[in-house]
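In what follows, every heavy atom counts, from backbone to side chain, and hydrogens, waters and symmetry copies are set aside. So you know, we letter chains A, B, ... as the sequences are listed, proteins then strands, and number each from 1.
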Amino acid sequence: MASFRLNRKNAISFRSFQSQPDVYANAIDNYAHDRALHLGKKLHAQLIINGLARLTIIASKLIAFYTECGKLSHARKLFDKIPVTNIRRWIALIGTYARCGLYQEALGVFWDMQRECLKPNKFVIPSVLKACGHILDWKTGEKIHGISVKCSFEVDAFVNASLIDMYSKCGHVEKARKVFDEMVVKDLVALNAVVAGYAQHELAEEALVLVESMQSLGVQPNIVTWNTLIAGFSQKGDEVMVSDLFRLMLADGVEPDVVSWTSIISGLVQNFRNEEAFDTFKQMLSHGFCPTTATISTLLPACATAAKVKHGRELHGHALVIGVEEDIYVRSALVDMYAKCGFISEARTIFCKMPQKNMVTWNSMIFGYANHGYCNEAIELFNQMEKEDENKIDHLTFTGALTACCHAGTIELGQSMFKIMQEKYKIAPRLEHYACMVDLLGRAGKLYEAYDTIKSMPIEPDLFVWGALLAASRNHGHVDFAEIASKHLLELEPESAGNRLLLSSLYADAGKWEQVVRLKKMMKRKRLRKLPGCSWIETV
DNA sequence: ATAGGGTTAG
């Protein structure tokens with residue numbers, strides 16, 4: 001009797017002990033889904049107090065929660081507190097990171113796992129390869145390839161398809177093809193991964209040849225294959241081939257879907273055929289297809305001039321109606337579109353209501369400010385990004401911020417940013433950064449410093465760098481530097497009439513009329529003519 | 001656990 005009671009008591013307490021963590025686990029899941037960082041933190045504090053935070057199940061959920069909220073350091077700290085008992089937890093964390101787009105973190109955990117001498121299984125390899133593919137790190141991908149071979153995973157269809165995808169994304173299409181050729185049983189996913197590799201690197205013809213040869217071996221293309229081919233030819237601007245494929249696909253009994261349409265539209269936008277892109281979009285709608293986030297965000301850059309803002313607003317309306325306005329791609333493209341069209345406050349409104357921002361979101365807003373003369377706002381936003389989202393700062397962020405410094409004429413700030421970029425963020429200056437620095441110094445009349453900057457460059461200056469020096473020389477009437485700059489410009493860009501006009505007006509300013517006549521004669525001889533400036537106004 | 005269409009650029 002006594003033992004029965006004891007057992008029952010144990011059973012009850014065991015059950016309540018079991019159910020309580022489940023309740024908390026669910027709550028954390030919900031907070032992760034809503035990205036309710038504040039509420040989640042409060043719950044975490046409570047779990048530390050009642051001791052449940054130590055449970056593996058709770059800790060795992062908290063890791064997922066912080067990961068979802070973008071608080072990686074929190075996630076990692078928790079992870080490191082959990083004793084390593086089995087590899088499944090490592091693999092789950094790697095998978096979570098890879099799915100969330102946190103590729104560096106995924107790889108970091110993978111190498112930690114290797115350091116702990118835990119053998120990877122074949123399930124973790126695709127996640128890690130996906131991470132390599134996205135960050136274009138084929139060197140690491142190749143190491144993973146080696147590990148896969150050593151572990152005899154190379155017969156696995158998932159591992160092979162992931163290897164092909166990784167090499168394809170990194171531009172090593174021939175390595176991808178080699179993996180495919182060595183596969184004993186070639187499946188459709190692997191084929192499509194090679195086809196994508198070809199299509200995305202302007203080798204659509206190769207892709208087509210491969211698909212045809214596989215067809216003769218009995219592997220039939222599916223809608224993914226067709227859409228990949230369409231995307232490949234559409235990016236190349238080969239519209240004849242695109243419509244042929246569209247027909248072939250129909251004849252094959254495969255119905256084109258919204259991805260097929262979006263691929264065509266994307267190609268048209270890439271090739272600056274905006275009108276046709278919109279026509280195709282209308283055709284797509286008339287065929288009864290509902291646009292997706294990809295359709296909207298691919299079309300928005302085609303509306304990024306003041307004359308096209310009406311189209312942009314229409315797309316914004318579509319996004320609201322079909323309920324995809326919250327998508328980060330759509331919103332980033334909207335921020336950029338409104339900013340480029342000059343509707344800075346509308347851009348800012350969308351920007352501010354975004355709970356998650358990516359580098360494109362931040363950079364678009366910073367560029368929007370910088371290009372419209374809101375230099376202080378651009379610089380303030382850069383400071384805000386440093387505080388809130390430092391890890392998303394990249395070379396474009398600095399281009400935007402330096403452009404703002406240029407327009408504002410804040411030399412010291414520009415110089416310190418140029419330094420911070422290299423020293424703190426380890427970003428090697430690119431041509432556009434040097435062009436900004438030359439522009440910044442040149443505008444202030446510091447032509448010697450500007451020229452010293454050019455001479456210190458470890459990379460070959462391009463026409464924007466020399467152009468900045470030439471423009472500054474012209475504005476400050478400095479003929480010597482103008483001659484140096486124009487000499488380089490002529491070497492780099494012999495066809496550019498604009499630079500010569502700039503130079504000739506400099507000579508005119510300086511009173512060297514005979515030089516002007518000589519230059520203009522030379523331009524006439526080469527039949528170079530500066531295109532007249534033009535603007536676009538939408539007629540209703 | 002793998003394959004297709006998407007946002008920033010002087």
Side-chain angles (χ1 to χ4, degrees), chain A residues 91-92 94-95 98-99 121-130 133 153 156-166 168-169 187-197 199-200 207 221-232 234-235 256-267 269-270 291-301 304 324 327-337 339-340 357-368 370-371 392 394-400 402-403 406 430-439 462-465 467-468:
Chain A
I91 288 165
I94 294 168
R99 265 194 312 280
N121 65 13
K122 65 180 181 181
F123 298 106
V124 77
I125 301 296
S127 297
V128 188
L129 288 171
K130 184 182 177 180
F153 296 153
D156 185 80
F158 282 81
V159 169
N160 276 313
S162 304
L163 279 169
I164 293 168
D165 182 48
M166 180 275 296
S168 289
K169 282 202 169 70
D187 67 346
L188 193 52
V189 177
L191 169 67
N192 288 345
V194 189
V195 170
Q200 287 156 10
N222 66 358
I223 194 161
V224 175
T225 325
W226 288 110
N227 284 345
T228 311
L229 288 171
I230 287 175
S234 189
Q235 292 296 321
D257 65 0
V258 68
V259 178
S260 327
W261 286 95
T262 305
S263 304
I264 298 172
I265 294 168
S266 168
V269 175
Q270 295 293 316
T292 65
T293 54
T295 323
I296 306 275
S297 50
T298 207
L299 267 167
L300 278 167
V324 299
D327 179 74
I328 193 160
Y329 282 89
V330 170
R331 281 188 167 170
S332 301
L334 281 170
V335 167
D336 188 60
M337 184 273 294
K340 283 212 179 90
K357 299 171 179 73
N358 62 24
M359 58 218 308
V360 179
T361 324
W362 286 104
N363 292 350
S364 296
M365 197 67 229
I366 291 173
F367 271 106
N371 290 332
K392 294 200 175 78
D394 73 345
H395 68 102
L396 282 178
T397 315
F398 277 100
T399 308
L402 287 172
T403 304
C406 266
R430 302 187 180 203
L431 288 165
E432 55 269 31
H433 301 120
Y434 283 111
C436 277
M437 293 314 289
V438 172
D439 194 7
D462 69 349
L463 78 158
F464 289 100
V465 176

A:Asp439 (side chain) and B:dG10 (base): donor-acceptor pair under 3.5 Å: no
Spacing of A:Asp165 atom CG relative to B:dT2 atom P, expressed in whole Å: 9 Å
Closest to side chain of A:Phe464, choosing from B:dG10, B:dA9, B:dT8: B:dG10
Nucleotide B:dG6, atom P - distance to CD1 of A:Ile264 in whole Å: 13 Å
Spacing of A:Ile296 atom CD1 relative to B:dG6 atom C1', expressed in whole Å: 11 Å
N/O (side chain, A:Gln200) to phosphate O (OP1/OP2, B:dG5) under 4.0 Å: yes
Between A:Ser162 and A:Asp165, a side-chain donor and acceptor under 3.5 Å: no
Sugar-phosphate only, base, or nothing, as touched by A:Thr292 at under 4.0 Å among non-hydrogen atoms: base
No-H, no-angle donor-acceptor pair, A:Thr298 side chain to B:dG5 base, under 3.5 Å: no
Ring-base stacking, A:Phe158 with B:dA1 (5.5 Å, 30° cut-offs): yes
Rounded distance (Å) that lies between atom C1' of B:dT8 and atom CG of A:Asp394: 8 Å
Given B:dT7, B:dA1, B:dG10, the nucleotide with the shortest approach to the side chain of A:Asp462: B:dG10
Among B:dG10, B:dT2, B:dG6, the one nearest A:Ala161 by side-chain distance: B:dT2
Touch class at under 4.0 angstrom, heavy-atom based, for A:Ser297 against every strand present: base
Heavy-atom donor-acceptor pair, A:Asp462 side chain to A:Val465 backbone, under 3.5 Å: yes
Selection from B:dG10, B:dG6, B:dA3 that lies nearest to any side-chain heavy atom of A:Asn192: B:dA3
Nucleotide nearest A:Val259 when distance is taken to its side chain, options B:dG5, B:dT2, B:dG6: B:dG5
Separation of atom NZ in A:Lys122 from atom P in B:dA1, rounded to whole Å: 13 Å
Residue from A:Thr403, A:Leu402, A:Val438 passing side-chain contact (heavy atoms from CB on, under 4.5 Å) with A:His433: A:Leu402
Interatomic distance where CG belongs to A:Leu299 and P belongs to B:dG5 [whole Å]: 16 Å
Donor/acceptor link under 3.5 angstrom from A:Asp327 side chain onto base of B:dG6: yes
Among B:dG5, B:dA9, B:dG10, the one nearest A:Leu431 by side-chain distance: B:dG10
Per A:Pro126 side chain, nearest of listed nucleotides B:dG5, B:dA9, B:dT2: B:dT2
Nearest listed nucleotide, side chain of A:Val258, among B:dA3, B:dG5, B:dT2: B:dG5
A:Arg99 side-chain proximity, nearest of B:dA1, B:dA9, B:dA3: B:dA1
Nucleotide nearest A:Val330 when distance is taken to its side chain, options B:dT7, B:dG5, B:dG6: B:dG6
Length of the CE-C1' vector between A:Met166 and B:dA1, whole Å: 15 Å
A:Gln235: side-chain contact (heavy atoms from CB on, under 4.5 Å) partners, not counting sequence neighbours: A:Ser266, A:Gln270
N or O in side chain of A:Lys340 less than 4.0 angstrom from B:dA9 OP1/OP2: yes
A:Ser162 (side chain) and B:dT2 (base): donor-acceptor pair under 3.5 Å: no
Residue list, side-chain contact (heavy atoms from CB on, under 4.5 Å) with A:Ser364, at least two apart or on another chain: A:Val335, A:Asp336, A:Val360
Under-3.5 Å donor-acceptor pair between A:Ser263 side chain and B:dG5 base: no
Partner of A:Thr295 by side-chain hydrogen bond (donor to acceptor under 3.5 Å, both in side chains), out of A:Thr293, A:Thr292, A:Thr298: A:Thr292
Polar pair under 3.5 Å, donor/acceptor by atom type, side chain A:Asn363, base B:dA9: no
Pair A:Asn160, A:Asp187: side-chain N/O donor-acceptor within cut-off below 3.5 Å: no
Length of the line joining A:Ile265:CD1 and B:dG5:P, which is rounded to integer Å: 14 Å
A:Ser266 side chain near B:dG6 phosphate (N/O to OP1/OP2, under 4.0 Å): yes
Sugar-phosphate only, base, or nothing, as touched by A:Ile223 at under 4.0 Å among non-hydrogen atoms: base
